[in-house]
Amino acid sequence: MIKGIIFDLDGVLVFTDQYHYQAWKKLADRLGIYFDEKINHRLRGVSRRESLEILLENYHGAPFREEKKSKMMEEKNRTYRELLKNMKRSDISQSVRDTLVKLKDLGYLLAVGSSSKNAKIILERTELLPYFEFVSDGNDLRHSKPHPEVFLKAAEGLGLPPEECAVVEDAQSGICAAKAAGMKTILMQGGNCSDKVDLKIQRLEDLIECHI
Ligand code: BG6
Ligand code: MG
């Protein structure tokens, strides 16, 4: 029986794709590296470090040193953080908020399981933080998705065994992480996952009607 629902953040609760795109694009343009929305789509659910490696696939010069790569990630994150200042309460629809409240009323414990180190800032800016009992994010992780660590920590934070948790995800790496954690998988359509999942939903609101 499912007692806890763990939500991925980017692409499930909030749509930060464009901000990630603009921030990576700015860095790529400065470095003279080709980068487009199709490449950006591959970065869903992928850590900042792995995202940089994907971006650098189109760089054909001498390899960059580790220190230089760290600087690039910092630069991207500075731009991204500036863009996040645009995020506000009204970015989250009332029906999404109502859905979270209904799920709580139905007795589910709710958590966030995100690779992002900016998860808390985003949750605060959109005033989503109070809906969740626990937030597991990129700041506490040793391994990024598809490793199950982020979701196992979220389940632990909720005080539930993994098999009593369902994960809502939009990305392949997240679905693989949820499976590796032994959790039920729910895919939000529109992401980049072709894996077999337990349930598919079009919108977060569908969680109320479907049999979790
Ligand atoms: C994930 C996003 O939620 O977080 C990825 O889907 C992103 O695109 C990753 O790279 C890490 O985010 P941040 O905010 O720590 O750079
Ligand atoms: Mg995601």
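In listed order, ligands and their atoms are each counted from 1. All residue numbers in this chain count up from 1 along the given sequence.
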Exceeds 12 heavy-atom contacts within 6.0 angstrom, atom NZ of K88: yes
When you measure from the centre of the six-membered ring of F151, is the NZ or CZ of K153 under 6.0 Å away and within 45° of the axis? no
Cluster companions of L187 among Ile, Leu, Val, Met, Phe, Trp, Tyr (side-chain spacing under 4.5 Å): I175, V197
For Y59 together with F64, are the ring centres under 6.0 Å from each other? yes
Under the 3.5 angstrom rule, does the side chain of E75 hit a backbone N or O of L27 as a donor-acceptor pair? no
Mark yes or no for whether K69, through its side chain, and L52, through its backbone, hold a donor-acceptor pair below 3.5 Å. no
To the nearest 0.5 Å, what is the distance between OG (S47) and CE (M73)? 8.5 Å
Once you restrict both partners to nitrogen or oxygen, which atoms of ligand 1 have a protein partner under 3.5 Å, and how far apart are they?
| residue | atom | partner | partner atom | Å |
| --- | --- | --- | --- | --- |
| ligand 1 | 3 (O) | D10 | OD2 | 2.6 |
| ligand 1 | 6 (O) | G45 | N | 2.8 |
| ligand 1 | 8 (O) | L43 | O | 2.9 |
| ligand 1 | 10 (O) | V46 | O | 2.6 |
| ligand 1 | 10 (O) | S51 | OG | 3.4 |
| ligand 1 | 14 (O) | S116 | OG | 2.7 |
| ligand 1 | 14 (O) | N118 | ND2 | 2.7 |
| ligand 1 | 15 (O) | R48 | NH2 | 3.1 |
| ligand 1 | 15 (O) | K117 | N | 2.7 |
| ligand 1 | 16 (O) | R48 | NE | 2.7 |
| ligand 1 | 16 (O) | R48 | NH2 | 3.4 |

Audit row: D206, K200, salt bridge (charged side-chain N to carboxylate O under 4.0 Å, His left out) steps and yes/no: CA-CA 9 Å; D206 298 342; K200 285 184 184 173; over 6 Å; no
Sorted by chain and residue number, the side chain to side chain contact (heavy atoms under 4.5 Å, CB included) partners of K85 (sequence neighbours excluded) come out as E82
Distance below 2.8 Å from the Mg ion (ligand 2): protein N/O/S atoms: D8 OD2, D10 O, D170 OD1
